[in-house]
Each structure stands twice: as structure tokens, then as C-alpha cells.
A.B. asks: 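I'd like to ask you about the structure that follows.
Note that this is a predicted model, so its numbers are computed, not measured.
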Amino acid sequence: MRASGDERTSSVGSIAPRAATDPLRLPSDQDSTGRSLGDEEVALLREVIESGVLTSTKGEKVRALEARFARDLGSAGAVACSSGTAAIHAAVAAIDPEPGDEIVTTSVTDMGALTPIIYQGAIPVFADVDPVSLNVTAQSVEAVLSDRTRAIVATHLFGHPCDLEGIGELARSRGVPLIEDCAQAYLASSGGTPVGTAGVVGCFSLQQGKHITTGEGGMVVTSSVELAGRMRRFVNKAWDYEAETTDHDFIALNYRLTELQGAVALAQIEKLAAGVATRISNAGRLSAALSRLPGISVPAPPPGDVHSYWRYAVHVDSAVIPGGPGALAAELRLHGIASAPRYIQKPAFRCGLFVNQQTFGKSRWPFTLARPEAVDYDASRFPGTFEALERILVLPWNERYSESDVDRLGEAIASAVARLAGPGAGA
Ligand SMILES: *Cc1c(COP(=O)(O)O)cnc(C)c1O
């Protein structure tokens, strides 16, 4: 912030002279500064507009996009849809749980990964997260499996891959399908396995703020031809556009992506690898700068794993940095940096939807079908979740950061930490 008038007036009452306070204008993924959108997208969009074919049921762009996802991930099939939420919904619908069946998921995720479970009449059962990675683990998932578990949804939070070997092995040994939520984790991998290929279905989002975007959009990839067919019909009102004869023979929605979005996505996917590479190298650069700071822990994926840095999140130790993530975020705001303490305000199960079981009218369905243990949200069951949310600070991040942006971000954090922790801290 620039002092608007008399320098002395603006510094009255401040404890110590602030460092240069020009706001750091970081590229933002909410507009063109932090998005990689340009002539390539425009050229493909123009083709679609000039063709006059805007629906994917008749066009070729969305089909080409699906083929590209399937090829890149070595999947048996891929189906585009209108959002990451729709992708999760298609995956759950294809598994076709009975009402009241349970789907194990995570307490720290986007609500779009949870509401589709309830719409399909199933009960989200929350596994605790590891306080460091903020991901579910084989252990935390196993602790909540029951004879009603019909699927596991593992979210790779911030681009940090879950332990796919452990969770995959658990899922196989129990005969429970694994769905991976890769909305934040394009090109991440765990133990050499690309995310989205360890389970039966991998779900992606193309929303404005993800690694690549069409504003809104989604994709499912699957190792099963049968599931691919069910998901394709689910996003097409249960209509099979390829069959000679077809029928609307189950409950399903129109969750199609348009050709306009398909065109943009085809151009975006060409830019994905470079964007992820930049995010990763910039993360390494920032980690080198921050790892010497007292009270700050930087992301540390297991050796060999690829974290694709949708966001860069640090842990803040409030025993060293008074006020913890909240105080650090307030300091960073003075530099024009909008970081997010906690990431989400509260664990998913503390949101009104779960607390009040506000679903369809006054019915509370499908929660009325749940085992009491499945909807027991007592804090004592989620120590990792509460610890993680107390400690986490999520920094804004995208592929358009220059090395100088990263350096200035690191300097802003270092000076904020020095002010909060005081001269005695560290060493
Ligand atoms: C963004 C996101 C979703 C939902 O995707 P939308 O495209 O916004 O519907 C689901 N899960 C996770 C982990 C996400 O980050």
C-alpha cells in the first residue's frame, strides 16, 4: 500500500518501519494474468463457431479431447462432462450404490466432491487426513470401511498425490472400487503411478482456477470399458448416441461439455505439461527460500512422487510464529498477497448440509438410512483434520509466476515471519 499523503501520518502508531510496501502484484488465476489462454484457444474456438456445431453430440472437439485424455493416461475410456462435480457424480452413479450405502471420502475437499454422493442416495463417510499431507491414508480409510462401503474417493489435495500403493492395495483387497479425485492434481504421480490411473475412475475439473481451464468443465477417465459406457450415458440423460436402439432406462442428467469448451480444452491440454513444469520448478525455488525460516514447514512429497502444485501450502507452527497462519496471512495481506489460512473454513462435516442433514425437503434422506457410526462427526475421530486446518496456510499459485515473482513472494514471507517471530526466533 502506498501512503497517500504525508509519510509521517501513515507511519504513526506502527511498531517498526515496514519494508517497501508496494503491493506484490502476483499473476492471478482468476484473470488473464495467471491463465495461459491465447491465440491457440481462439483459433480452435473460431473453428467451432464457424462450423455452427456447438453440441458435443454432433461435434468433434469434445470427442478429440476425450481421446487425448484417454491416450495420455493410458485409460480404456474418457468422458467429458460439465464440471468436476459432474465428474464425481458420473463416477458414483456408475458404481450405482444402493440407497444408504457408504462412500468413504475425505474431510478436507471441495464440496463438489461430496454433494454428488448424497444425490445418488449414498452416505459420505469421512476418513481422517494425514496432518502433514492433508490427504487420506490407507490407515484412515481402513478405519472407516464397513460392510456397506461401496467405493472410496481419494482426493489428491493441492496436487500432492495420495499414497496410491497403500490405498490401491487396500481397495483391491477389500474389493471396493477406488475413485480418484484429481481436480487439483493434473500430472501428479505416486510411486510412479499417474494419478487418475490407480483406481477404476479418475475425475478431473476444468474450472477457472484449476491447472487448465475452460471456465467450467470436467472429465472422467476409467480403466473399465463398461464403466465408461455407463458414465457416458449418465451425462447424456441415459441416452446412447452411438447405439442403433436406445432408451432412457435409468435416472441420469445432461452434464455435457459444449464444443466451445472442448475447443478451449484442446488448446489448454497442449499447455499442461509446461505449466506443471513451471509450477514444480517454482515450488522448488520457493521451498529453498522458505525452508530456513523458523516455524515454517514446506511441502515435502515422498521421494519419487510428483506433486503438481495446484496450490503451494505451508504449515505454520504457532508456537514459533505467534498467531500462526492467521497472523501470517494478515501480514502478507499488507504486501497485497491473498493467502488462505485453513484452506477451507471448516471440515466438510461441519457444514450445514451435514450438521442439519438438509437434503430433499424435510426428509433428511438419505441420511435417514445411515448407520449412526457413519454420521458420527465427533472431533475426536478427526485429529489429523483439525490439526492440519489449524496449521495450514495456502498461498496463491499458478503457472504464470516468474522467478522474480517467486523470489518476491519468498521475501515477503520471510519479512512477515521475522516481524511475527521476532529476532530471537530461528537458528
Ligand atoms: C474443484 C474441485 C472439485 C469440483 O470441481 P468443479 O469443476 O468446481 O465442480 C472437486 N474436487 C476437488 C478436489 C476440487 O478441487
A.B. asks: Are Arg63 and Glu60 close enough, and set up right, to give a salt bridge (charged side-chain N to carboxylate O under 4.0 Å, His left out), and what steps lead you there?
C.D. replies: CA-CA 5 Å; Arg63 274 309 168 100; Glu60 57 191 37; over 6 Å; no
A.B. asks: With under 30° as parallel and over 60° as perpendicular, where do the rings of His89 and Tyr119 fit, or are they tilted in between?
C.D. replies: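 Ring orientation of His89 relative to Tyr119: tilted.
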A.B. asks: Run through Gln30, Glu399, Glu41, Gln268 and flag the one making a side chain to side chain donor-acceptor pair (under 3.5 Å) with Arg35.
C.D. replies: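 Testing each of Gln30, Glu399, Glu41, Gln268 against Arg35, the sole residue satisfying side chain to side chain donor-acceptor pair (under 3.5 Å) is Glu399.
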A.B. asks: Can you name the one residue among Thr137, Ile152, Leu170, Ile167 that meets side chain to side chain contact (heavy atoms under 4.5 Å, CB included) with Glu142?
C.D. replies: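 Only match with Glu142 under side chain to side chain contact (heavy atoms under 4.5 Å, CB included): Leu170.
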A.B. asks: Between Phe349 and Phe126, does the ring centre distance come in under 6.0 Å?
C.D. replies: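 Close enough - the centres of the two rings lie under 6.0 Å apart.
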A.B. asks: Please report whether the ring centroid of Phe69 lies less than 6.0 Å from that of Phe204.
C.D. replies: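 Between Phe204 and Phe69, the centre distance is under 6.0 Å.
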A.B. asks: Could you check whether any side-chain N or O of His160 sits under 3.5 Å from a backbone N or O of Pro299, counting only pairs where one atom can act as donor and the other as acceptor?
C.D. replies: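 Here the side-chain-to-backbone pair does not exist.
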A.B. asks: Mind listing the closest non-hydrogen atom pair of Arg150 and Glu98 along with its distance?
C.D. replies: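 Minimum heavy-atom contact is NH1-N, 4.2 Å.
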A.B. asks: Quick one: do Asp128 and Arg381 make a salt bridge, cutoff under 4.0 Å?
C.D. replies: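 A salt bridge is absent here (no side-chain N lies under 4.0 Å from a carboxylate O).
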A.B. asks: Does a salt bridge link Asp376 with Arg371, judged by any charged N lying under 4.0 Å from a carboxylate O?
C.D. replies: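 No salt bridge links Asp376 with Arg371.
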A.B. asks: Per the salt bridge (charged side-chain N to carboxylate O under 4.0 Å, His left out) rule, which among Glu259, Glu66, Glu47 passes with Lys61?
C.D. replies: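 The salt bridge (charged side-chain N to carboxylate O under 4.0 Å, His left out) with Lys61 is passed solely by Glu47 among Glu259, Glu66, Glu47.
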A.B. asks: Below 4.5 Å, heavy atoms only, C-beta onward: do Ser83 and Gln207 meet side chain to side chain?
C.D. replies: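 No, every pair of side-chain atoms sits at 4.5 Å or beyond.
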